[in-house]
Amino acid sequence: MEEIRRVVIKPEWCMTCHTCEVACVTEHSKSRDPVKAYKKEGLSKTSRTKVYKNGALSFSLMCRQCEFPWCAFSCLSGALTVEGGKVAYNEDRCIGCFTCVAVCPFGGAKPAMNGKRKVIRCDLCGGNPACVRACPNRALLVE
Amino acid sequence: MKTKYAIIGLGPAALSAIEAIRKFDDGKMVCISYDDFPYSKAMLTDILKGAEPTQLASKDSRWVEKVGVEVLKGRAEDIDLERKRINVKVDRGVEELTFEKMLLATGGVAINPIKDKKTGLFTFTEMSDAKALRSYPFDSTVVVGAGFIGVELASTLRKIGKNVTVVELLERVLPIALDPEGSKIVEKMMRDTGIEIFLKDTVEEIKGDKVEAVKLRSGREIECQAVIVAIGVTPNVSLAKGIFKGRGIRPTEKMMVKSENGKEINYVFSAGDCNEVLDITDGKFKPIALWPSASEQGFVAGTNMAGGEAIYKGGFPVSSLKAFDVPVVSAGLSTGKKGRRLYVNEGEFLRSIYIEGGRLIGFVSIGAIQNIGLLTDAIRLGVNVSGVEEELLKPEINPARLPWFKERLKVTSYPWLGE
């Protein structure tokens, strides 16, 4: 698959339709079915991207893949590392200390607390992000 | 042995310096450490829960080979700056290491005011401490100090079935990281698990050569078989005598060490808990003995050591408690002593923000931390938060409501960090 650097956010094109969130949850579900993912798998709060709105300004926001990734520099357990210039996440190593949540300037590291403390974050869907594919107005692109 | 780069230490400052150097230069690098592999001290409590030391590794097992660093197992004993030479005590004697550039990333040492040597008396900052405590039989313990190490440790010991008493000299738990209301919440969480806490008190006497009980200043006596001193750490500067004044090393903004007469020594750098660095929230120099700070300092040091350009503009503490299910995060000046306090306290959710001159200087958040890094970023950027204070108190801050965020969204690199 083609290497991508990050998902590009275009606030001017976002219509707050939240399609990106549904696409993200579905992509990361077992069933790969939106209805099952939300209703049966209980994944409604697990979108790696989130739409925020204030008047005319809106955007879908996920990990920005910072050149200086505070998250990886702060990770106590080696779950977040920099691989080939990008942040990689090994969920098995996450101890849920939430230090990355405390330092991420974009809310890209999301705390999950259902049962076990873990962090949820954008994994770029391996190079072909579901949110970008789903966005009907090209408010999300890749670079 | 000869090397281009000598790194003393194997903690977060050393690791990020090593990786930063490797972006520019593949010259020979030797890292001196008494540890077998890089591990996370913040995870030491896992050892008590039965984890294997390798489960605490902060890098995968091939990392050393991948970055091309030779780990010399031993302790640096003395440094001859003029001859650029380090004597390293190794198993088979003393190894002499000559270098071109050196990084001091010697970390911190546990503060332990109890001078008597007793069986059952521990500190808890090293792998060896954790192993020793794990293999020591005890049912009841007194933990001295209710800072992050003390609270995490007490919580873990309670989880594995020990009777735990925490004694803190100040009037509340986590007195440096939280404000009084935050402390109250954490204190309740601790008590709810069955931990006993005595505040404004301290251990005056330990009874028995092998610990049998402690006597507190208040007169109370507590039976216990182990006393664990977790008061904190102080910069480990035993190697740096003669090249600094004060509590910790104060390097330049390139993390270059200065001699006693103030002259830069352009081949010696220092990073991490051995340093005192600028806290941008109050303009004071202090050790910021936390992982993120050490990593950033190491990154700046490594970049400059290898011919890149990066500047450390100062930092501030950011910490997150992992002891309980409820998340507890704080940053900057968050004890309530400084700044105008605005807060929401709804029992399950506490958020305090501290503002000075229109700028955010600190916060405490308990119970809800989604997007909390936006506050950390606001402290770092020094943006004016006037008019959006209410938004900053929401459990989940809406970044679209922050006037600086649309521009912030375009920035993922920081030129001063050489990126």
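Below, chains carry the letters A, B, ... as their sequence lines are ordered, and counting in each starts from 1. Hydrogens, waters and symmetry mates are skipped; everything else that's a heavy atom, side chains included, is used.
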Should we say atom [atom1] of [X] is surrounded by more than 12 heavy atoms from elsewhere, each under 6.0 Å from it?
X        : atom1 : answer
A:Lys118 : NZ    : yes
A:Arg133 : CZ    : yes
B:Trp404 : CH2   : yes
B:Arg359 : CZ    : no
B:Lys49  : NZ    : yes
B:Glu390 : CD    : no
A:Glu143 : CD    : yes
B:Glu348 : CD    : no

Quick one: closest heavy-atom pair of B:Leu56 and A:Arg93, and the distance?
->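 Heavy atoms only, the tightest pair is C-NH2, 4.5 Å.
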What residues of [range] sit under 4.5 Å from chain B when you count only heavy atoms?
range                     : result
residues 47-59 of chain A : A:Lys50, A:Tyr52, A:Lys53, A:Asn54, A:Leu57, A:Phe59
residues 16-32 of chain A : none
residues 75-87 of chain A : A:Cys75, A:Leu76, A:Ser77, A:Gly78, A:Glu83

Please flag which part of [X] lies under 4.5 Å from any non-hydrogen atom of chain A: side chain, backbone, both or neither.
X        : answer
B:Ile397 : backbone
B:Asn371 : both
B:Lys41  : neither
B:Glu19  : neither
B:Arg408 : both
B:Phe405 : side chain

Go through the steps to decide whether B:Trp291 and A:Thr99 satisfy the test side chain to side chain contact (heavy atoms under 4.5 Å, CB included), and finish with yes or no.
-> CA-CA 9 Å; B:Trp291 192 285; A:Thr99 312; 5.9 Å; no
Which residue out of [options] racks up the most heavy-atom pairs below 4.5 Å with chain A?
options                                : value
B:Leu290, B:Leu375, B:Leu381, B:Leu374 : B:Leu374
B:Ile372, B:Val411, B:Leu409, B:Val329 : B:Leu409
B:Pro327, B:Ser58, B:Ser16             : B:Pro327
B:Arg380, B:Lys406, B:Gln55            : B:Arg380
B:Ala378, B:Gly298, B:Ala331, B:Ala57  : B:Ala57

Do the non-hydrogen side-chain atoms of A:Phe73 and B:Pro292 ever get within less than 4.5 Å of each other?
->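 Sidechains of B:Pro292 and A:Phe73: no contact.
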Please examine the side chains of A:Trp70 and B:Tyr414, heavy atoms only from C-beta on, and report whether any two atoms are closer than 4.5 Å.
->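 Contact flag for B:Tyr414/A:Trp70 side chains = yes.
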Indicate yes or no for a side-chain donor-acceptor contact from B:Thr376 to the backbone of A:Ala102 under 3.5 Å, with no hydrogens or angles considered.
->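 Checking the backbone N and O of A:Ala102 against the side chain of B:Thr376, a donor-acceptor pair under 3.5 Å is found.
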To the nearest 0.5 Å, what is the distance between CD1 (A:Ile9) and NZ (B:Lys410)?
->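 Atom-to-atom, A:Ile9:CD1 and B:Lys410:NZ are 12.0 Å apart.
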In Å and rounded to the nearest 0.5 Å, what is the CZ to OG distance from A:Phe98 to B:Ser365?
->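 Nearest 0.5 Å value for the CZ-OG distance: 12.0 Å.
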Which answer fits A:Arg64, side chain, backbone, both or neither, if we ask what part of it has an atom under 4.5 Å from a heavy atom of chain B?
->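 Looking at A:Arg64, backbone and side chain both touch chain B.
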Proximity breakdown for A:Cys97 and chain B, heavy-atom pairs closer than 4.5 Å |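 When you check distances to chain B, atoms from both the backbone and side chain of A:Cys97 fall under 4.5 Å.
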Looking at A:Pro105, A:Pro11, A:Gly107, A:Ala109, which one has more heavy-atom pairs under 4.5 Å with chain B than the rest?
->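 Greatest number of close heavy-atom pairs with chain B: A:Pro105.
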Neighbourhood of chain A inside residues 312-325 of chain B, taking heavy atoms under 4.5 Å as contact =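 Hits under 4.5 Å: B:Val318, B:Ser320, B:Leu321, B:Lys322, B:Phe324, B:Asp325.
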